[in-house]
Structure formats: C-alpha cells, structure tokens
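Scroll down for the structure; my scribbles are underneath it.
In this text the structure is predicted, and so the values were computed from the model without any measurement. All ligand and atom numbering here is 1-based and tracks the order in the structure.
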Amino acid sequence: MVMLGRQGAGKGTQCVRLSRHYVVPHISTGDMLRAAVREGTDLGRKAGELMAAGNLVPDDIMIGIVEDRLGRDDTTQRGYILDGFPRTVGQADALAQITVDRPLDVVVDLDVAKDVVLERLASRRVCSDCQANYSLDKPPKYGWVCDNCGGEVVQRADDTPEAIQKRLDLYERETAPLIAWYADRDRLVAGDGLGSADEVTKRLITAIDLRRRREASPSS
Ligand code: ADP
C-alpha cells in the first residue's frame, strides 16, 4: 500500500497504526533519510541540506533506496506501507516497474485542507530519537521529553515557515498529480483526514478493507 497526503495530514501517525493493524512494515522515506542524516552517512550528507530547505531529494537517489528496501524479506513476504514515496510521477513510474510482479493493492489519499495542515505543522514537535509526534497542544507529560523513549522532543529542521511553504508548493506541483495518476490506474482510495486519530484510523481501515474485498471478488 502507498499513503499519499499533504505534509501534516497525519500520514506518519496513520501509517504506524495501519502497519500494526495489518502487521506489515511501515516504510517512511522521510524517517530513512533523517536516520541517514543523524548517522552522517554519504546519503545523509547529500540529503540533509536539501531536506532542511524543504526541497526534494533527487529521484534517482530515492528510487535506489526504495528498490533496495522493497527487496528485503520482510516486505517480499508480508507486503508493506510506503509513506513519503512516490512523490513525483517519475518515482511512481519507477515503483510500478519495481513492483511489476507484486503490484500495489491500494493507494490511500489522506485528505486534509491546506489551511488545517499549516496550523498543524507550525505546532508540530517530534522526538529526535523515536520520531513520535507531539504538538504545542499535546506536549509530552514531562517537559519536552518523549513519553515513549525519553528522547528530546524538538521542532523538525524543515518545520520552519519558509520550508513549510516550499514543501506544500512542491506537494501541489509534484505529488498531487499522483492522485489522478493512481485513480486512472484504479488504485485510489480517498480518506478524509479530519477528526481524531482514532476516527481517521477506523475510517481508513473500513475503506481499505472494502476495497480489498471488492478486489478479491470483483462481482460482489
Ligand atoms: P513531509 O512529508 O512532511 O515533507 P517526510 O518526513 O515525508 O515529511 O519527508 C521529509 C523530507 O525528506 C522531504 O521534504 C524531502 O526533502 C525528503 N524526502 C522524503 N521522501 C522523499 C521522496 N520520495 N522524494 C524526494 N524527497 C523525499
């Protein structure tokens, strides 16, 4: 499965929940890149500056990372939830080739309007160790220390007003066209991302299961 949606729509939160529900790995290209930046690898050095400014990492690099990850046993045996990829038509084309023997079941478009995500992004805070999400409205219990792992809870380097604007503009230009791209290929499931995290999860599971049942018995 692939999850599409604007920055701040709740893709990360929902993908973690869906990956537990369906017992499949959650593959977030943003998390993979941030881990590379923390570890100071070649990839991290190349990607870090681009990410902090809100730019995209070039397609060839991203396609290589995802192809490698989708070749590992856990995904070939169980399936997966891809979060943050594809983000351009070039990446979607490449993914179609990578998965030609095991095509995607569904592509979920988690829809939240731009004015709502702008507010969410401005108040978002994340654990620098385990990536758990918080916000100014829902902070950790004790100071800015993660409830799950004790890590430091900070603002992401790309959650500055300039980088947020750049990322949302890039989303409209490069990623939003994928909604029609997957609808044309009859893969798309739309999910309203407003409401509590629990409500959205329930809504998504219902829509995904309905879609998969239809796929399993097309006449019903
Ligand atoms: P967001 O969706 O909020 O931008 P992510 O954690 O998904 O957050 O991604 C953070 C950054 O990582 C992106 O702004 C971009 O620089 C880079 N990135 C992640 N996935 C991709 C991708 N598929 N193609 C290009 N760049 C990517």
Side-chain angles (χ1 to χ4, degrees), residues 1-16 18-19 26-39 41-70 80-99 104 107-114 116-135 154-179 181-182 193:
M1 169 187 145
V2 159
M3 177 75 84
L4 297 177
R6 284 196 177 85
Q7 290 77 4
K11 294 190 298 287
T13 304
Q14 294 302 328
C15 285
V16 167
L18 294 176
S19 81
H26 167 210
I27 302 176
S28 156
T29 48
D31 286 351
M32 289 165 86
L33 292 171
R34 280 185 288 277
V37 171
R38 277 198 304 279
E39 286 157 19
T41 62
D42 273 355
L43 168 66
R45 277 192 294 277
K46 277 189 211 140
E49 268 180 45
L50 290 169
M51 292 168 72
N55 286 312
L56 293 180
V57 175
D59 277 2
D60 56 336
I61 298 184
M62 294 312 302
I63 291 165
I65 295 174
V66 169
E67 181 161 25
D68 181 60
R69 182 66 187 86
L70 296 188
Y80 50 85
I81 299 178
L82 255 183
D83 165 10
F85 187 98
R87 233 177 247 250
T88 64
V89 170
Q91 293 181 12
D93 272 324
L95 183 62
Q97 282 173 25
I98 294 167
T99 58
L104 296 172
V107 175
V108 175
D109 174 32
L110 185 60
D111 187 34
V112 177
K114 190 168 170 183
V116 178
V117 299
L118 274 171
E119 272 178 37
R120 288 189 187 175
L121 290 169
S123 95
R124 171 161 79 180
R125 300 293 182 271
V126 294
C127 172
S128 49
D129 286 341
C130 76
Q131 319 295 316
N133 269 300
Y134 298 91
S135 70
V154 297
Q155 186 162 33
R156 255 170 58 168
D158 57 355
D159 277 346
T160 59
E162 301 75 28
I164 288 173
Q165 194 55 53
K166 169 84 78 57
R167 284 153 64 214
L168 287 170
D169 288 348
L170 275 171
Y171 181 83
E172 296 310 329
R173 208 168 64 226
E174 302 283 349
T175 312
L178 295 181
I179 296 170
W181 198 91
Y182 280 117

Any heavy-atom pair between the side chains of [Y] and [X] that's under 4.5 Å?
| X | Y | result |
| --- | --- | --- |
| Val108 | Ile81 | no |
| Cys15 | His26 | yes |
| Met62 | Ile65 | yes |
| Val89 | Leu178 | yes |

With sequence neighbours excluded, residues passing salt bridge (Lys or Arg N to Asp or Glu O under 4.0 Å) with Glu67: none

Measure the spacing between CD of Gln131 and CZ of Arg34 and express it to the nearest 0.5 Å. 5.5 Å

At a 4.0 angstrom heavy-atom cut-off, what protein residues surround ligand 1? Gln7, Lys11, Thr29, Gly30, Leu33, Arg34, Met51, Asn55, Leu56, Val57, Met62, Gly84, Phe85, Arg87, Gln91, Arg124, Arg156, Asp158, Arg167

